Amino acid sequence: MFLVIEGIDGAGTTTQTERLAKALTERGIETHRTREPTDGPIGKLLRQILAGEHAPTDATTLGLLFAADRADHLQREIAPALASGKVVISDRYYHSSLAYQGSEEDRSWIAILNQRAVVPDCTFFLEVDPKVAAQRRQEDDRDEELFDKLETQMRVAEGYRQVVEARRVTERIECLDGHKSLDEIHNSLVERTLALLSERAS
Ligand code: TYD
């Protein structure tokens, strides 16, 4: 089963991906935790770009690179893990490209670049107000990244709203209130994942 966790910067996707993978592993469910940008060659380049090391880089270039990183991710890591029967949980996937690059580039072109990417069995979208997320990022004292400005995050949040609304018709996307406590969100993710697994088994 292939699961994805999505949301704007500071929504808690990384924390929740880690905690969900740990909770499933503890229940004896073979799990593979992964992320985008990946730790592969294109993902490493993307992290340098996000840190501002190769500025300026436009949304067109980023859209192509994220799609290439994803194709590499699928063939190198996701497909083999799924084939061996593991539950794969990815911290971000094509919804990020549609929301982030799709708020500066033509979203339908970004969708075409990602057409071959396997559709996840379920995407959990953590909904958080961009102002709350900005405050969390400040409290965490994170290094400044390319998309950190509040106006950008507000555009991305609107992008996610549109993407979730449109994609929900053809794929499974479950929205969670990202303002709840880490434990409440975590418990809800575990519960929904176990329900999906038993739905599949029956
Ligand atoms: P993030 O997931 O926050 O990772 P880290 O905690 O290591 O900084 O950062 C990834 C950034 O990349 C985030 O701002 C979203 C952005 N991104 C895109 O713009 N498009 C994409 O397709 C993906 C996967 C991520």
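Note that the structure is a prediction, hence the values are computed from the model and not measured.
- Minimum interatomic distance between Ala157 and Pro130 (heavy atoms only, all atoms of both residues): CB-CG, 3.8 Å.
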Stepwise side chain to side chain contact (heavy atoms under 4.5 Å, CB included) check, Glu77 with Val88: CA-CA 9 Å; Glu77 207 177 323; Val88 175; over 6 Å; no
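- Of the N and O atoms on the side chains of Gln138 and Asp141, not one donor lies less than 3.5 Å from an acceptor on the other residue.
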Residues Leu50, Phe147; criterion side chain to side chain contact (heavy atoms under 4.5 Å, CB included); working and verdict: CA-CA 8 Å; Leu50 292 169; Phe147 301 116; 3.6 Å; yes
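- With respect to the salt-bridge test (charged N to carboxylate O, under 4.0 angstrom), the residues Glu158 and Arg161 qualify.
- Residues Leu182 and Val132 are members of separate hydrophobic clusters, defined by side-chain heavy-atom contacts under 4.5 angstrom among Ile, Leu, Val, Met, Phe, Trp and Tyr.
- In this structure, Glu145 places its CD atom where more than 12 heavy-atom neighbours from other residues, nucleotides or ligands lie under 6.0 Å away.
- Applying the 6.0 Å contact sphere to CD of Gln75 captures more than 12 heavy atoms from other residues, nucleotides or ligands.
- Just one residue in the list Arg76, Lys44, Arg47, Arg92 forms a side-chain contact (heavy atoms from CB on, under 4.5 Å) with Thr38, and that residue is Arg76.
- Rounded to the nearest 0.5 Å, atoms NE2 (His95) and CZ (Phe125) are 10.5 Å apart.
- Proximity of Leu3 to Leu196: side-chain heavy atoms (C-beta onward) are separated by under 4.5 Å at one or more points.
- Under the 4.0 Å criterion applied to side-chain N and carboxylate O atoms, Asp183 and Arg19 are assigned as salt-bridge partners.
- Between Glu105 and Leu62 the shortest side-chain heavy-atom distance does not fall below 4.5 Å.
- Under the 4.5 Å side-chain heavy-atom criterion for Ile, Leu, Val, Met, Phe, Trp and Tyr, Val4 and Ile89 are members of distinct hydrophobic clusters.
- Of the possible polar contacts, one joining the Thr25 side chain to the Ala21 backbone as a donor-acceptor pair under 3.5 Å is found.
- Residue Ile112 is not grouped with residue Leu98 when hydrophobic side chains (ILVMFWY) are merged at heavy-atom distances under 4.5 angstrom, including chains of intermediate members.
- With hydrogens and angles ignored, the 3.5 Å screen pairs no side-chain donor or acceptor of Glu171 with any backbone N or O of Pro120.
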Test log, rule salt bridge (Lys or Arg N to Asp or Glu O under 4.0 Å), inputs Glu151 and Arg155: CA-CA 6 Å; Glu151 310 89 82; Arg155 254 204 330 273; over 6 Å; no
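- In this structure, Ile8 is a member of the same hydrophobic cluster as Val164, with clusters built from ILVMFWY side-chain heavy atoms closer than 4.5 Å.
- Between Val156 and Ser103 the shortest heavy-atom distance is CG2-OG, 4.2 Å.
- The CD1 atom of Ile5 lies 7.5 Å from the OG1 atom of Thr13; values are rounded to the nearest 0.5 Å.
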Stepwise side chain to side chain contact (heavy atoms under 4.5 Å, CB included) test for Leu65 and Ile49: CA-CA 10 Å; Leu65 284 174; Ile49 294 173; 3.6 Å; yes
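- When the side chains of ILVMFWY residues are joined at heavy-atom separations under 4.5 Å, either directly or via intervening members, Val118 and Phe66 end up in two distinct hydrophobic clusters.
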Criterion side chain to side chain contact (heavy atoms under 4.5 Å, CB included) on Val190 and Arg27, from CA distance to verdict: CA-CA 11 Å; Val190 172; Arg27 281 172 171 77; 3.9 Å; yes
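- Considering all non-hydrogen atoms of both residues, Arg136 and Gly12 come closest at NH1-N, 4.5 Å.
- Note: Cys122 SG to Met1 CE = 7.5 Å, rounded to the nearest 0.5 Å.
- Closest approach of Tyr160 to Ser96, counting heavy atoms only: OH-OG, 3.2 Å.
- Here the side chains of Asp121 and Arg200 are in contact, with some heavy-atom distance below 4.5 Å.
- There is no side-chain donor-acceptor pair under 3.5 Å between Thr123 and Arg167.
- Other residues, nucleotides and ligands place more than 12 heavy atoms under 6.0 Å from the CD atom of Glu53.
- Under a 3.5 Å cut-off, the side chain of Asp69 and the backbone N or O of Gly43 do form a donor-acceptor pair.
- Annotation: side chain of Glu30 is not in contact with side chain of Ser84 (no heavy-atom distance under 4.5 Å).
- For the pair His186 and Gln16, the minimum side-chain heavy-atom distance is below 4.5 Å.
- A distance of 10.0 Å separates CG in Asp106 from CG in Leu113, rounded to the nearest 0.5 Å.
- In this structure the side chain of Gln153 reaches within 4.5 angstrom of the side chain of Tyr100, judged on heavy atoms.
- Here the closest non-hydrogen pair linking Gln101 and Ala59 is CG-O, 3.8 Å.
- Note that the CG atom of Leu82 and the NE2 atom of His32 stand 9.0 Å from one another [nearest 0.5 Å].
- Other residues, nucleotides and ligands contribute more than 12 heavy atoms inside 6.0 Å of the CG atom of Asp140.
- Between the side chain of Lys86 and the backbone N or O of Thr31 there is no donor-acceptor pair closer than 3.5 Å.
- Between Lys131 and Asp129 no salt bridge is recorded (no basic side-chain N to carboxylate O distance below 4.0 Å).
- Remark: Asp177 CG to Glu184 CD distance equals 8.5 Å, nearest 0.5 Å.
- Residues Asn114 and Tyr93 are not in side-chain contact: their nearest non-hydrogen atoms beyond the backbone lie 4.5 Å or more apart.
- His179 has its side chain within reach of Val128: a pair of non-hydrogen atoms, C-beta onward, lies under 4.5 Å apart.
- Ion pair Arg137/Asp148 flagged as a salt bridge, since at least one NZ, NE, NH1 or NH2 atom sits closer than 4.0 Å to an Asp/Glu carboxylate oxygen.
- Contact detail for Cys175 and Arg192: the closest heavy-atom pair is O-NH1, 3.8 Å.
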